[in-house]
Visitor: 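Let me begin by handing over the structure; questions about it come next.
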Amino acid sequence: MADPSSYRPKPGEIPDSPGVYRFRDEHRRVIYVGKAKSLRQRLANYFQDLAGLHPRTRSMVTTAASVEWTVVSTEVEALQLEYSWIKEYDPRFNVKYRDDKSYPYLAVTMNEEFPRVQVMRGHKKKGVRYFGPYAHAWAIRDTVDLLLRVFPVRTCSAGVFKNAARTGRPCLLGYIDKCSAPCVDRVSAEEHRELADEFCDFMTGRTNTYIRRLEQQMGEAAEEMEYERAARLRDDIEALKKAMEKNAVVLADATDADLIAVAEDELEAAVQIFHVRGGRVRGQRGWVTDKVEEITTGALVEHALQQLYGEETGDAVPKEVLVPALPDPVEPVQEWLTGRRGSGVSLRIPQRGDKKALMETVQRNAQQALVLHKTKRASDLTTRSRALEEIADAIDLDSAPLRIECYDISHLQGDDVVASMVVFEDGLARKSEYRRFQIKGFAGQDDVRSMHEVITRRFRRYLAEKERTGEWADETTQDGETAESGETIGTSLTEDDGRPKKFAYPPQLVVVDGGAPQVAAARRALDDLGIDDIAVCGLAKRLEEVWLPGDDDPVVLPRTSEGLYLLQRVRDEAHRFAITYQRTKRSKRFRASPLDDVPGLGDTRKQALLKYFGSLKKLRSATIDQICEVPGIGRKTAETIAAALAQAAPATPAVNTATGEIMEEEPGTMGAGGEPVRTGAPDERRGQET
């Protein structure tokens with residue numbers, strides 16, 4: 001591991017101008033390429049105290065052995081040079097997007113004398129028009145089959161074409177009029193190229209022109225009583241419309257745009273791109289990348305733009321590119337895109353309307369792609385085994401932790417404080433073992449005390465189960481209770497129906513969501529209970545560091561570590577489970593009603609009562625006989641309802657702080673829990689009263 005101070009440039013050597021820099025390792029291999037508006041200011045950030053650097057950046061500068069730079073005139077030149085060097089050197093510490101497959105394109109070989117329509121994958125070739133990418137090759141073939149009826153362009157290979165020209169006989173497509181058969185001189189090279197140009201125009205979204213032209217020709221043929229020709233033109237129009245219907249209209253203004261969305265976590269990011277041409281989604285593609293450096297969403301977008309348009313020119317770069325976050329600064333990137341296209345390109349974040357709605361769809365696709373990538377990665381047995389071994393090595397366990405429990409605390413400004421416990425066995429989530437906790441020992445916000453309470457309660461239950469099953473010689477439980485007379489003492493960890501007992505299995509590793517304070521609280525809770533055979537660690541969100549009890553410094557796992565990935569997934573699942581429970585409790589609290597305390601009164605009869613009386617206030621003032629008039633409410637139930645409402649304190653009336661006026665309830669407007677919903681100004685409500 002190199003010391004960055006050993007190769008740090010001397011003061012004044014680095015120019016204060018735009019440029020591109022390269023970090024090289026001891027073998028002179030380029031490991032990182034970056035650009036900067038000011039090389040001096042940017043490079044100074046890499047040579048500060050190592051403790052202040054992001055772990056991934058720290059790993060890069062300690063791997064490097066030298067740094068060099070190239071000065072350029074503008075930021076646009078820096079962007080172009082950075083892209084070229086990343087392509088040339090493939091640096092290990094740069095963001096790398098990797099396709100989960102090679103996407104197929106519909107290609108028209110305009111660089112040949114007789115252009116050919118075909119499916120192509122891989123690198124793009126000069127002089128070839130590309131459309132897509134498509135998700136499946138069969139989708140391309142279906143589209144081409146429909147369009148060849150109107151635009152009979154050659155689709156055969158060079159060998160088939162030459163053989164037909166030699167024999168003077170076209171292939172089957174030539175006989176059924178789905179190829180203009182330039183191989184046997186039915187059309188000239190110029191006429192065939194014109195057909196290929198029309199095919200490309202239709203694929204780029206200029207569809208209405210050809211449909212109107214065919215409709216006009218159909219009308220003329222009908223007037224001249226050439227009904228067979230008119231029927232063929234009618235079928236051609238239907239084929240074009242059917243090809244268009246394969247892509248629904250998503251933007252009504254026939255916009256040409258690319259929409260880019262990013263879903264990310266601390267280690268990885270998924271990028272999804274929708275290609276919209278003529279208001280229709282013509283293609284979709286996506287990448288997943290490792291985040292090998294500390295990087296913002298805007299920077300991820302910038303790298304995606306480089307990957308997407310670095311080798312494109314002309315119409316392949318659309319007039320409009322919609323993104324979730326703008327690169328900083330945005331002007332050089334926008335100028336670079338304009339140069340690639342040859343005309344103005346708008347790079348912006350959609351704010352409203354159809355474009356924002358479509359961007360949300362792209363974002364959901366990106367999120368699903370990231371989840372799918374993680375699921376595939378987690379399902380691999382070899383990967384899970386390696387992850388568990390790496391965790392054991394990192395925190396010095398005797399064996400791999402086959403059962404991991406993770407705990408997280410969730411609250412909203414100190415209210416509805418809850419905790420979650422999730423369980424992973426052999427690297428996979430075991431949702432039947434998940435548990436939820438309400439914090440009861442104190443009120444308010446204190447994550448450390450909450451963590452101590454939860455760990456104590458969970459493992460006190462474990463000790464009680466351990467004693468009850470006879471694993472302890474003493475029959476006195478942790479809470480001072482004794483086993484019932486005649487109870488069979490055994491070592492079974494399952495109930496009579498075969499299901500596992502709650503809290504019966506101990507984990508090999510307890511993971512807490514947090515840093516050193518939360519880890520210390522968990523360890524202290526276990527020590528208080530006399531448990532010393534369960535390991536504890538914490539995973540801090542900010543830098544993804546692993547904290548161990550009593551250690552002043554965290555354990556930093558490598559970025560590519562499967563163990564870190566598994567710990568992160570366990571932590572994220574605990575966070576999801578906790579926040580879901582917290583939101584459920586909060587919503588129930590907001591919907592609470594005195595009617596909830598009436599035994600045997602379900603939601604249907606609650607709604608019937610509120611609908612009949614119009615408000616909880618009028619229900620409170622109703623007599624028992626009046627309550628009995630509600631369908632489904634008997635006298636005994638009515639008496640119970642009246643008693644429950646009499647005991648419950650009425651809700652505090654709302655007061656208009658500007659006028660001091662008590663705001664009356666609006667008749668007939670009820671919330672989900674039975675409380676009235678007040679809408680409009682006081683004067684408006686008074687006008688509605690009867």
Side-chain angles (χ1 to χ4, degrees), residues 104-120 124-132 134 137 139-221 226 228-247 277-278 280 282-283 314-316:
Y105 284 82
L106 171 58
V108 184
T109 58
M110 301 301 291
N111 56 346
E112 298 181 4
E113 181 183 5
F114 297 98
R116 174 191 177 193
V117 175
Q118 60 180 315
V119 177
M120 275 193 176
K124 294 185 177 180
K125 300 177 181 178
K126 188 176 181 180
V128 179
R129 295 285 301 276
Y130 291 89
F131 304 95
Y134 289 78
I140 301 178
R141 296 187 180 99
D142 286 350
T143 301
V144 170
D145 187 61
L146 291 168
L147 295 182
L148 288 180
R149 181 184 181 90
V150 184
F151 309 109
V153 186
R154 166 199 164 205
T155 57
C156 60
S157 65
V160 173
F161 186 88
K162 291 178 180 178
N163 185 61
R166 181 178 56 82
T167 61
R169 296 173 54 189
C171 64
L172 176 63
L173 292 179
Y175 282 110
I176 63 176
D177 295 328
K178 284 195 172 182
C179 179
S180 56
C183 54
V184 294
D185 297 327
R186 285 187 187 174
V187 295
S188 65
E190 291 75 15
E191 291 172 330
H192 184 267
R193 182 168 292 275
E194 186 177 347
L195 279 174
D197 286 334
E198 291 178 350
F199 181 95
C200 294
D201 286 344
F202 186 88
M203 289 301 300
T204 55
R206 303 184 184 99
T207 56
N208 293 332
T209 301
Y210 296 100
I211 291 177
R212 285 197 300 267
R213 187 179 69 185
L214 291 176
E215 288 175 343
Q216 182 181 355
Q217 293 175 359
M218 181 180 66
E220 293 172 354
E226 296 180 3
E228 291 184 2
R229 178 167 168 261
R232 285 196 301 271
L233 291 170
R234 177 203 61 199
D235 294 341
D236 290 348
I237 293 170
E238 291 301 318
L240 291 183
K241 289 182 177 179
K242 189 174 181 181
M244 292 170 59
E245 288 171 358
K246 286 181 175 292
N247 299 100
R277 299 295 182 267
R280 301 172 184 270
R282 295 294 185 184
D315 291 340

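Hydrogens, waters and symmetry mates are skipped; everything else that's a heavy atom, side chains included, is used.
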Visitor: Going from CD on Glu113 to CZ on Phe161, what distance comes out if it is rounded to the nearest 0.5 angstrom?
Guide: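 Going from the CD atom of Glu113 to the CZ atom of Phe161 covers 7.5 Å.
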Visitor: For Pro170, does its backbone N or O pair with a side-chain atom of Arg186 as donor and acceptor, under 3.5 Å?
Guide: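 No; judged by distance alone, with no hydrogens or angles, the pair does not exist.
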Visitor: Please report the shortest heavy-atom distance between Val117 and Leu106, naming the atom on each side.
Guide: CG1-CD1, 3.5 Å
Visitor: Do Met110 and Asp197 have side-chain heavy atoms sitting under 4.5 Å apart?
Guide: yes
Visitor: What's the verdict on side-chain contact (heavy atoms from CB on, under 4.5 Å) for Met120 and Thr109, showing C-alpha distance, side-chain angles and the deciding distance?
Guide: CA-CA 10 Å; Met120 275 193 176; Thr109 58; 4.0 Å; yes
Visitor: Would you check, one step at a time, whether the test side-chain contact (heavy atoms from CB on, under 4.5 Å) holds for Glu194 with Glu190?
Guide: CA-CA 6 Å; Glu194 186 177 347; Glu190 291 75 15; over 6 Å; no
Visitor: Leu195 and side-chain contact (heavy atoms from CB on, under 4.5 Å): which single residue from Pro115, Pro152, Cys179 fits?
Guide: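 The single option meeting the side-chain contact (heavy atoms from CB on, under 4.5 Å) with Leu195 is Pro152.
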Visitor: Looking only at atom types and distance, does a side-chain atom of Arg169 sit under 3.5 Å from a main-chain N or O of Val184, one as donor and one as acceptor?
Guide: no
Visitor: Please find the pair of heavy atoms, one from His192 and one from Val187, that lie closest to each other, and give the distance.
Guide: CB-CG2, 4.1 Å
Visitor: Is the side chain of Arg154 donor-acceptor paired with the backbone N or O of Phe114 at a distance under 3.5 Å, no angle test?
Guide: yes
Visitor: Would a distance-only check, ignoring hydrogens and angles, find a side-chain to backbone donor-acceptor pair under 3.5 Å from Tyr130 to Lys125?
Guide: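 Checking the backbone N and O of Lys125 against the side chain of Tyr130, a donor-acceptor pair under 3.5 Å is found.
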Visitor: Could you walk me through whether Arg116 and Ser157 pass the side-chain contact (heavy atoms from CB on, under 4.5 Å) test, one step at a time?
Guide: CA-CA 8 Å; Arg116 174 191 177 193; Ser157 65; 4.1 Å; yes
Visitor: Drop me the distance from Thr155's OG1 to Leu148's CG, to the nearest 0.5 angstrom.
Guide: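 The distance works out to 6.0 Å.
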Visitor: Got a second to check how far Glu220's CD is from Met218's CE, nearest 0.5 Å?
Guide: 11.0 Å
